[in-house]
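The shown structure was predicted, so the numbers you read here are calculated from the model rather than taken from an experiment.
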Amino acid sequence: MGPLGRAFSDLAAQAAALAGTRLELFGLEARDIGDRLLCRLAVLLAAAVFLLLALLVATLALALVFWPTEYRFLALGLLALLYAVLGVGLAAWLIHRLKHDADPFAVTAEVLREDARALAGIPGHPDRGDGSAGGPPARPAREDPIPGEVP
């Protein structure tokens, strides 16, 4: 295999490694998004249960208006209020989280954009080593030669 074949082989190996790394990042983000979605669904279910309990207790309180007792209304009213506050609070938290969560796969998209800039040779990429992004130059000048090194 000649030098050209080795160069293509090295290029293919680097491309495969790059693709594997990006797929691994995509998988990690997908798992994170799945976990967040499952948590949101659990909170949504809890909010629905508490709001349903509030409706049930409020209905019972209305039915008990005709029953002669002194503290039954207060107890049922406070219980209905507690369930309603819990349900509304969980629903508000869920809406807030859904509005303020990061975009799905934002990290993967940014890494792919950086890869595209690097492959296109656009200045300012942090991994280029040309100092254009504030990074070190490709080969820093040394004050003292390394002992045993031929200049």
Side-chain angles (χ1 to χ4, degrees), residues 5-143 146:
R6 279 195 303 265
F8 281 127
S9 175
D10 289 345
L11 182 63
Q14 289 176 357
L18 181 70
T21 302
R22 298 314 180 240
L23 285 175
E24 184 178 344
L25 178 62
F26 180 79
L28 289 173
E29 283 192 285
R31 187 176 333 158
D32 183 49
I33 289 169
D35 290 345
R36 284 196 324 238
L37 180 63
L38 187 62
C39 178
R40 302 305 187 268
L41 287 175
V43 170
L44 179 64
L45 178 64
V49 165
F50 283 124
L51 289 171
L52 182 63
L53 286 172
L55 180 64
L56 176 70
V57 171
T59 303
L60 286 175
L62 185 64
L64 293 176
V65 167
F66 299 103
W67 288 4
T69 178
E70 189 174 336
Y71 296 109
R72 186 175 291 167
F73 303 118
L74 178 64
L76 288 175
L78 289 176
L79 193 55
L81 181 65
L82 172 70
Y83 287 146
V85 167
L86 286 173
V88 169
L90 287 172
W93 176 84
L94 182 65
I95 290 169
H96 174 76
R97 291 306 317 157
L98 289 174
K99 286 183 179 179
H100 293 91
D101 272 351
D103 291 335
F105 308 110
V107 175
T108 300
E110 181 58 33
V111 168
L112 290 174
R113 278 191 290 272
E114 288 177 9
D115 290 344
R117 284 193 296 261
L119 291 173
I122 297 174
H125 189 269
D127 293 336
R128 284 178 42 120
D130 61 359
S132 59
R139 184 170 183 186
R142 288 193 289 243
E143 301 280 329
I146 297 175

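A 4.5 Å side-chain heavy-atom check between R40 and L44 finds every atom pair outside the cut-off.
Distance CG/L55 to CG/L60: 10.0 Å, rounded to 0.5 Å. A distance of 13.5 Å separates CG in L38 from CD1 in I33, rounded to the nearest 0.5 Å. Atom CG in L94 sits 11.5 Å away from atom CG in L45 (nearest 0.5 Å). The CG atom of L112 lies 8.0 Å from the CG atom of L25; values are rounded to the nearest 0.5 Å. Considering CG of L18 and CG of L23, their distance stands at 9.5 Å, rounded to 0.5 Å.
A pairwise comparison of heavy atoms in A58 and A80 identifies N-CB, 4.2 Å as the closest pair. Heavy-atom minimum distance, A91 versus A47: N-CB, 4.0 Å. When all heavy atoms of W93 and C39 are compared, the pair lying nearest together is CH2-SG, 4.4 Å. Here the closest non-hydrogen pair linking L90 and V43 is O-CG1, 3.8 Å.
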* Asked: How far apart are the C-alpha atoms of L78 and L82, what are their side-chain angles, what is the distance that settles it, and do they pass the side-chain contact (heavy atoms from CB on, under 4.5 Å) test?
  -> CA-CA 6 Å; L78 289 176; L82 172 70; over 6 Å; no
* Asked: So R31 and L28, side-chain contact (heavy atoms from CB on, under 4.5 Å) or not? Walk me through it.
  -> CA-CA 5 Å; R31 187 176 333 158; L28 289 173; 4.0 Å; yes
* Checking side-chain contact (heavy atoms from CB on, under 4.5 Å) for the pair D32/R36: CA distance, chi angles, key distance, verdict? -> CA-CA 6 Å; D32 183 49; R36 284 196 324 238; 3.1 Å; yes
